[in-house]
Amino acid sequence: MPCSNCERQNIECRSSPDSNSCAECVRRGLSSCDLVVLPSTWRNLSRERARLQARLDENEAKRLSAESDVLAAEEAARAAEVAVRAAEAEARTKVHRALRTAGSARAKDFRLRKMLALLDRREKSLFDRELKAIEDEEREERKAEDRARSTESSSVVASSSAVVPEDVSFSQLVDNLSPSFWKSLGSGGEMPAPTAGSSQGS
Ligand SMILES: [Zn+2]
Ligand SMILES: [Zn+2]
């Protein structure tokens with residue numbers, strides 16, 4: 001049953017959800033709408049209201065849950081950013097430490113190589129000097145041996161006994177004993193007869 005305004009205009013009269021006036025009267029700003037709402041329409045509207053309210057309540061829970069999910073996700077994102085920054089800082093610290101270690105190892109390597117080169121040069125010159133000293137010493141020893149041998153052979157011939165000259169060492173004395181001395185010592189173990197005038201060893 002249309003209101004009289006709509007009936008005059010011959011247009012469809014529909015109830016408005018926010019007002020007791022019909023939708024057309026609300027649109028045109030008329031305050032004199034005489035739309036009569038039937039009890040069945042009220043019941044339908046009331047049912048529809050209850051249904052919408054139930055959907056709103058149901059959605060409210062979903063909305064709150066979703067909003068709290070947003071907050072939790074934002075919090076997780078902030079925590080992740082903090083963790084990333086901390087991990088990056090730690091990694092950079094490790095990089096700096098490794099660079100320092102590598103740098104000092106390179107410097108040490110350089111110093112050690114330098115010392116090694118110095119040592120090589122020093123060793124070479126010492127070796128040359130030492131070699132020369134050894135050669136000189138050997139030459140001197142040979143001369144001394146030759147002198148001792150000639151001195152001893154003459155003293156042995158002169159005394160006809162194993163008189164040891166003071167400047168002749170034991171090894172030189174042993175070297176200069178005759179092969180017959182060693183032969184007699186090996187067979188009987190007794191002291192050999194004096195070897196006066198016999199041929200000298202070596
Ligand atoms: Zn109307
Ligand atoms: Zn109306």
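First listed ligand is number 1; within each ligand, the first listed atom is number 1. All figures in this text were calculated on a predicted structure; none of them were measured in a lab.
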With a 4.0 Å cut-off on N to O distance, would you call [X] and [Y] a salt bridge?
X: Lys143; Y: Glu140; answer: yes
X: Arg78; Y: Glu75; answer: yes
X: Asp146; Y: Arg142; answer: no
X: Asp128; Y: Lys132; answer: no
X: Glu60; Y: Arg63; answer: yes

Protein N, O or S atoms less than 2.8 Å from the Zn ion (ligand 2), ignoring waters? Cys3 SG, Cys22 SG, Cys25 SG, Cys33 SG
Which is it for Arg106 and Asp109 under the salt bridge (charged side-chain N to carboxylate O under 4.0 Å, His left out) test, yes or no, and what are the steps along the way? CA-CA 5 Å; Arg106 270 198 296 273; Asp109 183 271; over 6 Å; no
